[in-house]
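In what follows, a single structure is set out as structure tokens and then discussed.
Only heavy atoms go into these numbers, but all of them, side chains included; no hydrogens, no water, no symmetry mates. Source: prediction; values computed, not measured.
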Amino acid sequence: HQWVFMLLALLCSHAWANSTSAQDDYDAGHYTQAAQKWHRLAQSNDAFAQYSLGVLYLNGQGVAKDVYTAENFLIKAANARGQFGQVQAMGLLFDEYLDDTNISENAERAVYWGEQLREQYGLSEDQMSQMAVLYIDRGRRVDIDDAVAILLAAQDSAPSYFYEYWLARGYFQMGQIDQAKKWFEQFVDNPDIPESAWGYRLFRNQLYGEHERNTQERIDAQTQLKRI
């Protein structure tokens, strides 16, 4: 069966040459050519080609940007490459979906991949804080206790107006208004807040305006009842 081994060696050599050629194209900025070659290799379940295509689709290099196609290729590659590949793929997908969480489905996918990474391999402190913000922003009560605990630990380790703001949001959703006001007042007193952070006014109206108006309405209603 010597011819069988010779054929396998020839096929492996051909695949390696194609992979090297694709990488050379990528390094030279010829993304379309690299994508075409990696597509051919990916059809043969080449894990490196699948991973590379996932990155190309994430970045829109040589192909139209498509996060869902990227996710498909990255998952295939991760399954073939073991723990290292899985950590890489999960981290890439978490970061990518995190970039645009204004889209509800992206926020859900970011949470999904963040939780997968957290449960299986652990998250960095920065990734944990990002997860906490996602929990609070999505408003799921079951996650908010966990989110607040994460942010309190982060604030204790490296104080930041970013943590102060999201702690205020977290406590507000927990119904602990005094704590929410405490953290919010620390946030607004910080001189380092950039202009981009001043979208907090909407939350300020929720925290002070709506809560105090609702409280006053309840007091007025109780007063009216007592008069009847």
Hey, what do you get for CD1 (Ile150) to CG (Asp145), rounding to the nearest 0.5 Å?
-> 11.0 Å

Interatomic distance, Tyr208 atom OH to Phe203 atom CZ [nearest 0.5 angstrom] | 8.5 Å

So, for Ala180 and Leu207, which heavy atoms are closest and what is the spacing to 0.1 Å?
-> CB-CD1, 3.8 Å

Just how far is it from atom CG of Leu56 to atom NZ of Lys65, taken to the nearest 0.5 Å?
-> 11.5 Å

Would you say Asn59's side chain and Val55's backbone share a donor-acceptor pair under 3.5 angstrom?
-> yes

Just by modelled atom types, is the Ile75 backbone N or O under 3.5 Å from a matching donor or acceptor in the Asn79 side chain?
-> yes

Applying side chain to side chain contact (heavy atoms under 4.5 Å, CB included), run through Tyr26 and Gln61 and close with a yes or a no.
-> CA-CA 9 Å; Tyr26 180 84; Gln61 295 172 308; 3.4 Å; yes

Report the distance from atom OG of Ser157 to atom CG of Leu152, rounding to the nearest 0.5 Å.
-> 12.5 Å

Heavy-atom pair of closest approach, residues Ala34 and Ala22 = CB-O, 3.4 Å

Residues at least two apart in sequence or cross-chain that pass side-chain hydrogen bond (donor to acceptor under 3.5 Å, both in side chains) with Gln130, listed by chain then number, are none

Where is the tightest heavy-atom contact between Tyr31 and Gly62, given as atom of each residue plus distance?
-> CB-N, 3.5 Å

Under 3.5 Å, is there a donor-acceptor pair linking the side chains of Asp27 and Gln23?
-> yes

Is Ile136 close to Leu151 at the side-chain level, that is, under 4.5 Å between some pair of heavy atoms?
-> yes

Under 6.0 Å from the CD atom of Glu125, do we count more than 12 heavy atoms belonging to anything else shown?
-> no

Going through the distances and angles, do Thr32 and Asp25 end up as a side chain to side chain contact (heavy atoms under 4.5 Å, CB included)?
-> CA-CA 9 Å; Thr32 302; Asp25 283 334; over 6 Å; no

For Ala110 and Leu134, which heavy atoms make the closest approach, and how far apart are they?
-> CB-CD1, 3.8 Å

Quick one: are the ring centres of Tyr51 and Phe73 less than 6.0 Å apart?
-> no

Those residues that, when tested against Glu164, pass side chain to side chain contact (heavy atoms under 4.5 Å, CB included) (two or more places apart) | Gln155, Tyr161, Trp183, Gln186, Phe187, Asn190

Partner residues of Leu58 under the side chain to side chain contact (heavy atoms under 4.5 Å, CB included) criterion, sequence neighbours left out = Val67, Ala70, Leu74, Leu92, Glu96

Would you call Arg118 and Asp146 a salt bridge, taking side-chain N to carboxylate O under 4.0 Å as the test?
-> yes

NZ or CZ of Arg204 within 45° of Phe184 ring axis and under 6.0 Å = no

Step by step, work out the side chain to side chain contact (heavy atoms under 4.5 Å, CB included) result for Trp38 and Gln50.
-> CA-CA 7 Å; Trp38 274 325; Gln50 291 167 339; over 6 Å; no

Any donor-acceptor pair under 3.5 Å linking the side chain of Ser52 with the backbone of Phe48?
-> yes

Asp66 meets the side chain to side chain contact (heavy atoms under 4.5 Å, CB included) criterion, sequence neighbours left out, with Tyr57, Tyr68, Thr69

Please name the pair of heavy atoms, one in Ala49 and one in Ala42, separated by the smallest distance, quoted to 0.1 Å.
-> CB-N, 3.8 Å

Name all residues meeting the side chain to side chain contact (heavy atoms under 4.5 Å, CB included) criterion together with Gln116; count only those two or more places apart in sequence or in a different chain, and write none if there are none.
-> Met90, Tyr112, Trp113, Gln120

Between Phe94 and Met131, is a side chain to side chain contact (heavy atoms under 4.5 Å, CB included) present by the stated rule, with each step listed?
-> CA-CA 10 Å; Phe94 175 60; Met131 282 293 290; 3.5 Å; yes

Closest heavy-atom pair and its distance - Ala78, Gln86 = O-CG, 3.5 Å

State whether Arg40 and Asp46 are salt-bridged, where the test is any N-O pair (Lys NZ or Arg NE/NH1/NH2 against Asp/Glu carboxylate O) under 4.0 Å.
-> no

Heavy-atom side-chain proximity of Ile144 to Tyr171 below 4.5 angstrom = no

For Ser124, all residues meeting side-chain hydrogen bond (donor to acceptor under 3.5 Å, both in side chains), sequence neighbours excluded | Gln127

